[in-house]
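Along the sequence shown, residues are numbered consecutively beginning with 1. Treat the numbers as computed from the prediction; the structure is a model and nothing was measured.
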Amino acid sequence: MADEKEIELASAPTQQLPAFGTPAQNDNPKFVAEQERIEKLIQSDAPLNEILSELVLMIEAQSPEMLCSILLLSDDGNHVRHAVAPSLAPDYVKAIDGSPIGPKHGSCGTAMFRGKPVIVTDIATDPLWDDYREYARMIGMAACWSTPIMSSKGKVLGSFAMYYREPRAPKPEEQHLTNVATKLATRAIEHAVARERAASQS
């Protein structure tokens, strides 16, 4: 029975996100300008939380029904650490902050553990959410897709998640938004880490 359960958890929710066309051909000028604004915030050494918050709000503005969050991997490499979730309820954010990563820890904790996207189309029935389902129900969330934020060296830095209030699977354009978000988040986090390292050595 244990082996069957492990197989179920290992195989069910990790999916390949839909492909999308060339970003430069699909992004409208306003969205391109917003991405450039985030890049300038990174280059100007703005605080990491400010950059990530602006990034999440930029992505949410592309789809009114979408709520997003960014979690960071803790220093010990075993827990999630809240970064930004401007549209999610504070009580939910507090409940998730500090929870462990692992093979059955919602969408984000599992995505960080696997180092791969985790697509949960129905939180109410997915086994990955058994220990977190009530938290999601309390804020009316029904689907959650999480993608790990990877460093330039392939190390997990955190996760970017999209939440929806109804069960559903991602569309190709949402994959593109995820790609934009994770790429910019990687740059912001690595820039902040490099800046902190340089400051500590000066």
Side-chain angles (χ1 to χ4, degrees), residues 14 16-17 19-20 22-24 26-27 30-62 66-88 93 96-102 105-119 144-163 170 173-202:
T14 299
Q16 198 65 28
L17 291 167
F20 195 69
T22 305
N26 291 286
D27 286 350
K30 183 177 180 181
F31 188 45
V32 171
E34 284 294 297
Q35 294 175 56
E36 293 172 350
R37 185 175 67 85
I38 300 298
E39 293 275 14
K40 289 178 181 178
L41 286 174
I42 297 171
Q43 295 163 11
S44 66
D45 294 341
L48 180 58
N49 269 30
E50 176 186 337
I51 297 170
L52 297 181
S53 182
E54 290 294 321
L55 170 57
V56 163
L57 291 171
M58 176 188 74
I59 298 297
E60 288 183 342
Q62 308 309 307
M66 180 199 309
L67 291 81
C68 300
S69 74
I70 291 178
L71 296 173
L72 300 178
L73 187 63
S74 63
D75 291 339
D76 66 10
N78 295 318
H79 300 82
V80 305
R81 183 161 57 88
H82 169 66
V84 295
S87 301
L88 291 176
V93 170
I96 299 302
D97 189 24
S99 60
I101 68 170
H105 287 278
S107 299
C108 296
T110 306
M112 287 194 210
F113 178 76
R114 295 179 179 174
K116 297 179 181 179
V118 170
I119 311 303
C144 180
W145 323 319
S146 184
T147 300
I149 299 168
M150 307 297 291
S151 75
S152 55
K153 296 182 179 179
K155 177 184 176 183
V156 174
L157 300 173
S159 67
F160 170 76
M162 292 178 171
Y163 291 82
E173 54 266 33
E174 288 156 343
Q175 167 60 66
H176 174 52
L177 292 176
T178 293
N179 291 342
V180 169
T182 53
K183 188 177 296 184
L184 286 171
T186 293
R187 291 177 190 166
I189 295 167
E190 290 192 324
H191 184 81
V193 169
R195 191 171 73 245
E196 290 175 5
R197 185 179 297 120
S200 67
Q201 293 173 352
S202 61

Participant: Is V180 close to F31 at the side-chain level, that is, under 4.5 Å between some pair of heavy atoms?
Facilitator: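 When only atoms from C-beta onward are counted, V180 and F31 do touch, with a gap below 4.5 Å.
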Participant: What closest approach, in Å, do D45 and H191 show between heavy atoms, and which atom pair accounts for it?
Facilitator: OD1-NE2, 2.6 Å
Participant: For C144, is there any backbone N or O sitting under 3.5 Å from a side-chain donor or acceptor partner on S107?
Facilitator: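 Looks like yes, one N/O pair under 3.5 Å.
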Participant: Would you tabulate the side-chain donor-acceptor contacts of residues 50-58 under 3.5 Å, counting partners in other chains and residues two or more places apart, or write 'none'?
Facilitator:
residue: E54; atom: OE1; partner: R37; partner atom: NH1; Å: 3.2
residue: E54; atom: OE1; partner: R37; partner atom: NH2; Å: 3.0

Participant: Taking all atoms of both residues into account, what is the closest heavy-atom pair of P148 and P117, and its distance?
Facilitator: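 P148 and P117 have their closest heavy atoms at CD-N, 3.6 Å.
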Participant: Within the structure provided, determine whether I119 and P170 are in side-chain contact (heavy-atom separation under 4.5 Å).
Facilitator: yes
Participant: When you measure from the side chain of T186 to the backbone N and O of M150, does any donor-acceptor pair fall under 3.5 Å?
Facilitator: yes
Participant: Please report the interatomic distance OG1(T147) to CZ(F160), rounded to the nearest 0.5 Å.
Facilitator: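 It is 8.0 Å, given to the nearest 0.5 Å.
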Participant: For residues L88 and S69, report the shortest heavy-atom separation together with the two atoms involved.
Facilitator: CD1-CB, 3.9 Å
Participant: Minimum heavy-atom separation for A161 and C108, please, with both atom names.
Facilitator: CB-SG, 3.6 Å
Participant: Would you say E190's side chain and S152's backbone share a donor-acceptor pair under 3.5 angstrom?
Facilitator: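 Judged by distance alone, yes, a pair lies under 3.5 Å.
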Participant: State the CD-CE distance between Q175 and M162, to the nearest 0.5 angstrom.
Facilitator: 8.0 Å
Participant: When you compare the side chain of I101 with that of V80, does any pair of heavy atoms fall below 4.5 Å?
Facilitator: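 Yes, close enough: below the 4.5 Å cut-off.
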Participant: For the backbone of H105 and the side chain of T110, can you confirm whether one donor and one acceptor N or O come within less than 3.5 Å of each other?
Facilitator: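 Judged by distance alone, yes, a pair lies under 3.5 Å.
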